[in-house]
Amino acid sequence: VSRESIRDKVAIVGAGCCKFGENWDQSPSDMIVDAAYEAYADAGIDEPQRQIEAVFTGSLYTTKGPLECSDALKLFNVPVTMVSNYCATGTDAFRCGVMSIAAGMYDTVLVVGYDKPKDRGVSGPSVMMDGVRDLPKTPAGWFSFCAATYFAKYGAGREDLARIAVKNHHNGTLAPKSFLKREISVEEALKGRMISWPFGLYDCAAQTDGAAAVVLTRAELAKSFSDAPIMVKGVTLRSGPNPQKDPTNDFLSWKPTGWAAEDVYAQAGITDPAKEIDIAQVHDCFTLTELLSYEDLGFCEKGSAKEHIADGHFELTGDLPVNTDGGLKTFGHPTGATGVRMLYENVTQLRGQAGKRQVKGASTALSHNIGGHPTACAIAIVGLP
Amino acid sequence: MIGITSYGAYIPPTRLALGAIGGRKAKPGGPEKAVAWNDEDAITMAVAAAVACLSGLDRGEVDGLLFASTTHPFREKQAAALIARALDLRRDLRTADHSGSLRAGTAALRAACDAVKAGSSHNVLVIASDCRMGAPGSALEMNVGDGAVAFLVGERDVIASLDDAHTVSDEILDVWRSDGEEFSHSWEDRFVVQEGYTPRIVEAVRGLLEKSGTSADDYARVALYAPEKRSHTSAARALGIREETLQPALFGQLGNTGVAFAPLQLAAALESVSPGDRLLVASYGDGAEALSFSIGDAIEKVGEREGVSANLARRRAVDGYDSYLKARGMSTTEWQGGTDPGLSATIHFRERDDDLSLRGQKCRECGAVQFPAQRVCETCFRKDAFDPIRLSDKTAKVVTYTFDYFFPNPNPPTVVSIVEVEGARVHLQIVDCKPEDVALHMPVEFVFRRIHEVGGRPNYYWKGRPLSTAEAGSAQEASS
């Protein structure tokens, strides 16, 4: 099996993203149209009904299936596939699109991730009630399971988590389409009301509505769409055991991230991610998730995240800026859209179009989603040609 | 000899100061009552009492289960079968519910003795459990408490053999609860005591004494049901029962626990008797019933049972009347039990070994224990090669934990953990534990509780409870 087979074969030639937030006056269709038509314009596509040959769409909350996307965009007589993979949905939809082109099935496809959680009448995720014994569960409840163990082993604490929230709040103020645009202090973050120890309000991502889209094409055709195509260097997905049942889980990291990282670095030919990745959009559903991901992605040694956070390593001005647009924390987390929104940010950064949050000289960018308990991880690496 | 061969009790550790009822501020150290908390009911208390009763015994020998309660959460659907599943008892089991009357506890106990005597059953588990509610602020609310007691009735190693019994049936509308009502009613207390309780309990006890040719003085302990403290004292006086033999009714500590009230006193008496002693227990409700027992030598071999005194010692003061009202669903709050339309009954049916019996499985190939049951071993990947293993009676230890302020709970946060039991990991709520007392590697035992009311009905599952320091010490010894 050649893990390099996908590198540089597929290009992103258009990217779009609607304004994330509590979009009370927008339907899923409205947001899908905003994101897709921005991506069309970016790719110079003026006849989508003729130029888009297949659609890969992802959403966690929809009950309407792929029709919601095809009907919004009036893309008929084309294959439309809906992907659902918890919070990894967006990157997984992208992966399916990339594979379809690499397989030679299509020249040009559209990937759309979206979700509309704010139509449900609750401010956070629902308490899931899918069975008797699986209760209680809220995402904060299950992602916090690494805290007691990690804190005991490595001596980190709530202040280290708060610094991640402060960073992402700052980055969010610089991203025009982000939901939250407010600087916070470490003290403020620590004072937020408790959700699931050690997660206070400011440790939790902002659940919002949103949609994001990218247009993909074969590398050879990229220049016919865009002057600044971004190449796919690798994309992967890894399943994992339910960490709550896994008898070997040490609750110091989330296994699928390590497995997916190993695979995607092999695809992209990366041997030292700490040096070779220039910017990263990391799944920060909770501050601790971002902290563990620094280590699981090989950005720093296990247990050393605390020191790197203190040094500003992952800030916009640091060596490896993470969540340059505010991340799930402040840009917002419409589940199915998140992975595609991360690609939108990486494309924007690599093209040097990120305005006040622009990271200089970035040529390789990573985006990372984990989903489920978490039971899956998807990673994409994109770069300049 | 036929009679009681083992016993166990469960009293909720949460105690409400009687002085706090109505929202007043209670002085510490005053009278109180035991109250089931939001995840407890007659079923969960019954399971806890039965687990205590069956401790160290072979559950496979139990061939009958009689459950007595006036507060079984289902109008139609047997409680005994549900309890049997939680206890992981054998399938060829005779089960029946005794209900309707506060006398159902002793009625079930007598029926079990009769069944063993007739030879149709050999080891019958009898459980009396009640969780009655008086309307907020009513006199009944001051008097009722919650609790459960379990007895194993058999013919070998009998600790208290049934000598005689006498029952009188009577029709009187003194205490009742109509279909669909949440709170029990009581007619004027003077009527209840003068025309109902006192004459009937006296009639039943005198009938028993006459039948057996004994007098009140022949009994080392006498356990009497009573609606409240004053009538308890006056009935004992009318029967000539000396104060030192009268089993304390536990008013002010436990409260009137309905069908479990006289049986709980009987269990308490068993903690302080010697071979050759005689015991008398009498209950009341639509008539009255008296049973007499002789204590056998086996009382000295039965070992330490988790009985009334151990349960009374485990207490936690409720932090106010409002907290109690919330926990019992009598307060309108923002807290809601969940919005899901309902759980599938077929899923509930398929998962009953997992959810109710807490049965895991052990791989025949690699020995790994996993929960819940699955087809392919998660360690060695062998397919369909497992033996069941009961996890509910094993000690678990905390692998990690969190305090969830988001999960619906009248008193947040909910302590939630991953525990390890026999090598399997289980996602579990921890109860009877303050957040500051949770620690990594802390040993916990399993307790059967309500997990939620999705679908408008109680759904049951297991939770973890920290082992007391002494218990934790012996658990550590056992595992090392």
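Proteins come first, then strands; the chains are lettered A, B, ... in the order of their sequence lines, and each starts at number 1.
- One finds the OH atom of B:Tyr405 at 13.5 Å from the CG atom of A:Leu201 (value rounded to the nearest 0.5 Å).
- More than 12 heavy atoms of other shown residues, nucleotides or ligands fall within 6.0 angstrom of atom NZ in B:Lys77.
- Contact annotation for B:Val399: both backbone and side-chain heavy atoms come within less than 4.5 Å of a heavy atom of chain A.
- A 4.5 Å side-chain heavy-atom check between B:Arg425 and A:Asn249 finds at least one atom pair inside the cut-off.
- In this structure, OG1 in B:Thr402 is found 7.5 Å from CZ in A:Phe199, a value given to the nearest 0.5 Å.
- Using a 4.5 Å cut-off between heavy atoms, B:Phe371 touches chain A through backbone and side chain atoms alike.
- Side-chain atoms of A:Pro247 and B:Gln370, non-hydrogen and from C-beta on, never get closer than 4.5 Å to each other.
- By the 4.5 Å heavy-atom criterion applied to side chains, A:His373 and B:His427 are not counted as neighbours.
- Taken from CG in B:Leu440 to CZ in A:Phe151, the straight-line distance is 12.0 Å, to the nearest 0.5 Å.
- In this structure, B:Thr400 and A:Phe145 have side chains that are in contact, with non-hydrogen atoms separated by less than 4.5 Å.
- For residues 156-168 of chain A, an interface with chain B (any heavy-atom pair closer than 4.5 Å) does not exist.
- By the 6.0 Å contact criterion, CD on A:Glu307 is enclosed, its count of non-hydrogen atoms from other residues, nucleotides or ligands being greater than 12.
- Residue B:Lys394 qualifies as enclosed at atom NZ: its count of foreign heavy atoms under 6.0 Å is above 12.
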